[in-house]
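Taking it in order: structure first as structure tokens, then the write-up.
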Amino acid sequence: MWARIAAALATLLVAAVAGVAVAYPSVAATTCPGCYGLTELEPGVYAEKGLSGEQREQIHRTVAAARDRIEGFYGTPLSSPRLLVCVTDACYARIGGKKERGIAILNRSVMLSPRGLDTVIASHEMSHVELHARLASGAEVPQWFDEGLAVVVSDDPRYLRPEAAGDRCTTPPTGPLPVTLEQWLAAAGKDATTYAKSACQVHRWLRSHDGRQGLLSLITRLNAGGSFTS
């Protein structure tokens with residue numbers, strides 16, 4: 001009887017794993033990069049096989065620069081996301097990627113497409129992971145703050161003026177910004193300035209709240225049970 005039960009449980013486990021791989025290939029790929037044809041280039045960094053020396057060097061440079069950018073803003077990082085890097089569209093599609101340049105998976109890992117292999121995109125996605133690594137269970141920030149902060153941390157020139165400008169806003173917000181992920185996806189899909197508006201709001205808040213120290217204080221208050229609104 002116990003052998004039959006064990007066999008049944010094993011079958012259910014295999015079916016569950018297979019179901020996750022089919023329904024959520026990005027989750028499966030970050031759990032088992034080698035199962036999707038990726039090989040480890042350096043600790044925590046995986047890429048498709050058969051890369052040229054130049055492509056490998058580009059990945060090393062991008063990852064190092066992105067990590068420096070995260071540390072330069074947050075201080076010593078608390079997160080160490082697994083990075084999955086694709087230099088071809090076929091690779092990115094295989095691991096569950098779509099049209100985005102990069103994406104953070106479950107706030108634990110980062111996938112980069114061929115269009116996202118640069119410091120800005122890599123550090124943007126890594127900022128999401130770092131922020132959530134610092135937030136205690138149950139502590140949350142609105143989606144606009146999460147995305148706007150990632151733009152600021154990554155120093156994205158698409159949405160921010162140069163630092164020398166003082167006020168770096170390119171598009172000040174004129175109304176409420178998206179709070180939930182669902183609202184964010186809907187708004188960003190319709191209005192290309194949503195990132196710029198959110199980055200502006202965060203940049204101005206940081207400028208008036210002692211920058212990084214203000215952010216760390218906010219995280220401390222949220223982890224202690226405070227609300228973002230208050």
Side-chain angles (χ1 to χ4, degrees), residues 45 57-81 83 85 100-104 107 110-135 139-179 181 184 187-188 191-223 228-229:
V45 180
E57 183 58 32
Q58 181 186 7
I59 292 173
H60 289 312
R61 287 197 308 268
T62 298
V63 170
R67 286 172 173 165
D68 286 346
R69 199 162 287 190
I70 294 298
E71 185 171 357
F73 184 86
Y74 285 98
T76 303
L78 298 186
S79 66
S80 183
L83 304 180
V85 183
E100 70 278 346
R101 296 188 177 192
I103 189 170
N107 295 314
V110 168
M111 295 186 348
L112 297 176
S113 78
R115 298 166 300 284
L117 189 51
D118 64 57
T119 304
V120 169
I121 303 301
S123 58
H124 179 110
E125 301 305 333
M126 291 166 69
S127 175
H128 290 313
V129 178
E130 179 65 22
L131 173 62
H132 287 271
R134 292 172 178 269
L135 290 171
E140 296 182 351
V141 297
Q143 196 66 30
W144 67 261
F145 188 87
D146 196 345
E147 293 291 350
L149 180 62
V151 171
V152 172
V153 172
S154 64
D155 195 21
D156 196 327
R158 296 174 298 172
Y159 309 117
L160 291 170
R161 292 194 177 99
E163 265 191 79
D167 186 350
R168 306 185 66 188
C169 294
T170 60
T171 311
T174 55
L177 294 167
V179 174
L181 177 59
W184 175 268
D191 183 0
T193 66
T194 304
Y195 278 96
K197 292 175 181 177
S198 299
C200 175
Q201 190 88 330
V202 172
H203 161 68
R204 288 179 173 175
W205 182 86
L206 288 170
R207 196 171 61 165
S208 62
H209 288 81
D210 199 22
R212 179 178 72 185
Q213 290 307 313
L215 173 66
L216 298 181
S217 295
L218 170 63
I219 291 173
T220 298
R221 293 196 300 274
L222 292 174
N223 289 343
F228 182 86
T229 303

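Because only heavy atoms are used, hydrogens play no part in the values below, and waters and symmetry mates are left out as well, while side chains stay in.
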Between [X] (side chain only) and [Y] (backbone N and O only), is there a donor and an acceptor less than 3.5 Å apart?
X	Y	value
R168	R161	yes
N223	R134	yes
S113	R101	yes
S198	T194	yes
H209	W205	yes

Exercise for review: Would you list the pairs meeting salt bridge (charged side-chain N to carboxylate O under 4.0 Å, His left out) in which at least one residue belongs to residues 191-203, sequence neighbours left out?
Suggested key: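 Applying salt bridge (charged side-chain N to carboxylate O under 4.0 Å, His left out) to every pair that reaches into residues 191-203, excluding sequence neighbours, yields D191-K197.
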
**Study point:** Qualifying salt bridge (charged side-chain N to carboxylate O under 4.0 Å, His left out) pairs with a residue from residues 64-77, counting only residues at least two apart or across chains
**Key:**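 Those involving residues 64-77 are E42-R67.
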
**Study point:** Residue pair L112 / I121, side-chain heavy-atom distance below 4.5 Å
**Key:**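 Heavy-atom side-chain distance check passes, below 4.5 Å.
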
Review point. Looking at side-chain heavy atoms only, is the closest gap between S127 and Y74 below 4.5 Å?
Key: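 Of all side-chain heavy-atom pairs linking Y74 with S127, at least one is under 4.5 Å.
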
Exercise for review: Mind running side-chain contact (heavy atoms from CB on, under 4.5 Å) on L206 and L149 for me, showing each step along the way?
Suggested key: CA-CA 9 Å; L206 288 170; L149 180 62; 4.2 Å; yes

Give, for atom [atom1] of [X] and atom [atom2] of [Y], the distance between the pair rounded to the nearest 0.5 Å.
X	Y	atom1	atom2	result
L131	D146	CG	CG	5.0 Å
S80	I70	OG	CD1	12.0 Å
E147	H124	CD	NE2	4.5 Å
L160	T171	CG	OG1	10.0 Å
F73	M126	CZ	CE	14.5 Å

[X]: side-chain contact (heavy atoms from CB on, under 4.5 Å) partners, not counting sequence neighbours:
X	result
Q213	D210, L216
P157	V120
E125	A104, V110, H128
N107	H132

Do you know which two heavy atoms are closest between [X] and [Y], and how far apart they sit?
X	Y	result
V129	P81	CG1-CB, 3.9 Å
V45	V63	CG2-CG1, 4.0 Å
C200	P172	SG-CA, 3.7 Å
A66	S123	CB-N, 3.8 Å
A65	T119	CB-OG1, 3.4 Å
W144	F228	CZ2-CE2, 3.9 Å

Exercise for review: Go through C169 and R204 one step at a time and tell me if the side-chain contact (heavy atoms from CB on, under 4.5 Å) criterion holds.
Suggested key: CA-CA 8 Å; C169 294; R204 288 179 173 175; 3.2 Å; yes

Review point. Which of parallel (below 30°), tilted (30 to 60°) and perpendicular (above 60°) describes Y159 and Y195?
Key: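 Geometry flag for Y195 against Y159: parallel rings.
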
Review point. Between F145 and L177, is a side-chain contact (heavy atoms from CB on, under 4.5 Å) present by the stated rule, with each step listed?
Key: CA-CA 9 Å; F145 188 87; L177 294 167; over 6 Å; no

Point to revise | Test log, rule side-chain contact (heavy atoms from CB on, under 4.5 Å), inputs H203 and V151 | key: CA-CA 9 Å; H203 161 68; V151 171; over 6 Å; no

